[in-house]
Amino acid sequence: MFKKQTQIPSAEEVIAAQPLPQSLKKIKAERDALAKDVIAGRTNKLLVVVGPCSAHESAPVLEYVRRLGKLNERVKEKLVLVPRVYTNKPRSKGVGYKGMFSQPNPETRVDILNGIRSIRELHIRAVEESGLCSADEMLYPENFAYLEDIISYHAVGARSSENQMHRLVSSGIETPVGIKNPTGGSIPVLLNSVYAAQSPQTFKYHNWQVETDGNEYAHAVLRGMVDSYGNDIPNYHYETVMQVYEGYRSAESGLKNPAVIIDANHSNSGKQFAQQIRIVEEVMQNREYDAGFKSILKGFMIESFLEEGCQKKDVVFGKSITDPCLGWADTERLLLDIAEKV
């Protein structure tokens, strides 16, 4: 039984009420082009999606993106930085805090309409205050339209990568979409998801039959896997990356723009946040010793916030209330190190 609570306006109505300022549309176009160039191999720069596990409060997120914007001036010749401003939080058991989209205040009840307004304001302010356009997770495909004019990178999570609607909606997005391997780790399933997102599709969306051209910038993200006993198994190593490389190269694949992003946290690190540094360093080293590896590696996802670790309640400013993150000092050193090695 469904109990109706609040009617949510259409995406068109919400965007009309909170439009992206004209002055920021040029920045959006420029950042989109930079991200696309990395995925398509038109530049040797690496793409780095970096930021908190979940954006639970605007003030610390904006402080973080301001710092990232300043750091961008030092690394922009080598890296394309994309602030991770994830406003939806997937839950393994389906309960708990589900992100700012659902709860603009994590201590109060679900308020989706206010959540939509809050996340649009946050993403717009992030562009204003950093000069960078952010990434968000497309946890609910039908909600993509509420942010499509602001976001430069969309992530499809491990639990969603096999879902048909995620694949179909990804095919109509005009910016890069990173599709993570499913939790079981299957590379063929991952590449099938990328293929579906890169292909033209016709389907029902927002009460319309729609047609898409396919998104050639959809690509693979390796985030580790979980075995049948619940153990985290990393897949950032040379062997798995090259398996993806060969999958892309297969004559039968039909895939465009071979690209792999390494998610340095989640099951790759076993959520041991400090291990992200070691993981990135190993991947960068492998990049130096194999031309195929170097050609397909397009960047990283890194979970980072102002303060390292995590907390159950929002007490410490800029500390994650979900998964633990690197602190700012380590993040700055890591990004500078990546840039130096590109």
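Values below: every heavy atom of this structure, side chains too, minus hydrogens, waters and symmetry copies. One-based numbering along the sequence shown.
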Exercise for the section: For the pair Glu129 and Arg66, evaluate salt bridge (Lys or Arg N to Asp or Glu O under 4.0 Å) and give the outcome as yes or no after the intermediate values. Expected result: CA-CA 6 Å; Glu129 299 190 25; Arg66 283 192 292 267; 2.3 Å; yes
Practice task
Please check if atom CZ in Arg42 has more than 12 non-hydrogen atoms from other residues, nucleotides or ligands closer than 6.0 Å.
Solution key: yes
Practice task
Apply the test side chain to side chain contact (heavy atoms under 4.5 Å, CB included) to residues Arg223 and Asn181: give CA-CA distance (whole Å), side-chain angles for both, the deciding distance (0.1 Å), then the verdict.
Solution key: CA-CA 7 Å; Arg223 53 82 72 199; Asn181 61 263; 3.7 Å; yes
Practice task
Applying side chain to side chain contact (heavy atoms under 4.5 Å, CB included), run through Val283 and Val241 and close with a yes or a no.
Solution key: CA-CA 10 Å; Val283 172; Val241 174; over 6 Å; no
Practice task
Using atom types as modelled and distance alone, determine if a side-chain donor or acceptor of Lys271 lies under 3.5 Å from a backbone N or O of Asn268.
Solution key: no
Problem - CA sep, side-chain torsions, deciding dist, call: Lys28, Asp32, salt bridge (Lys or Arg N to Asp or Glu O under 4.0 Å) - result: CA-CA 6 Å; Lys28 170 72 162 60; Asp32 287 357; 2.6 Å; yes
Problem - Ring centres under 6.0 angstrom apart (Tyr153, His219) - result: yes
Exercise for the section: Could you tell me whether Phe144 and His154 have their ring centroids closer than 6.0 angstrom? Expected result: yes
Practice task
May I ask whether Leu132 and Leu62 are part of the same hydrophobic cluster, defined by side-chain heavy atoms of I, L, V, M, F, W, Y residues being less than 4.5 angstrom apart, directly or through others?
Solution key: yes
Practice task
Might you confirm whether atom CD of Gln209 has over 12 heavy atoms from other residues, nucleotides or ligands at distances under 6.0 Å?
Solution key: no
Practice task
May I ask you to decide if Ile279's main-chain N or O and Glu282's side chain share a donor-acceptor pair within less than 3.5 Å?
Solution key: no
Exercise for the section: Give a yes or no on whether the backbone of Ile302 and the side-chain of Arg84 come within a donor-acceptor separation of less than 3.5 Å. Expected result: no
Practice task
Could you tell me whether the side chain of Ser253 and the main chain of Arg249 form a donor-acceptor pair under 3.5 Å?
Solution key: no
Exercise for the section: Fit a plane to each ring of His56 and Phe305, take the angle between them on a 0 to 90° scale, and name the class: parallel (under 30°), tilted (30 to 60°) or perpendicular (over 60°). Expected result: perpendicular
Practice task
Answer yes if the ring centres of Tyr64 and Trp328 are under 6.0 angstrom apart, and no otherwise.
Solution key: yes
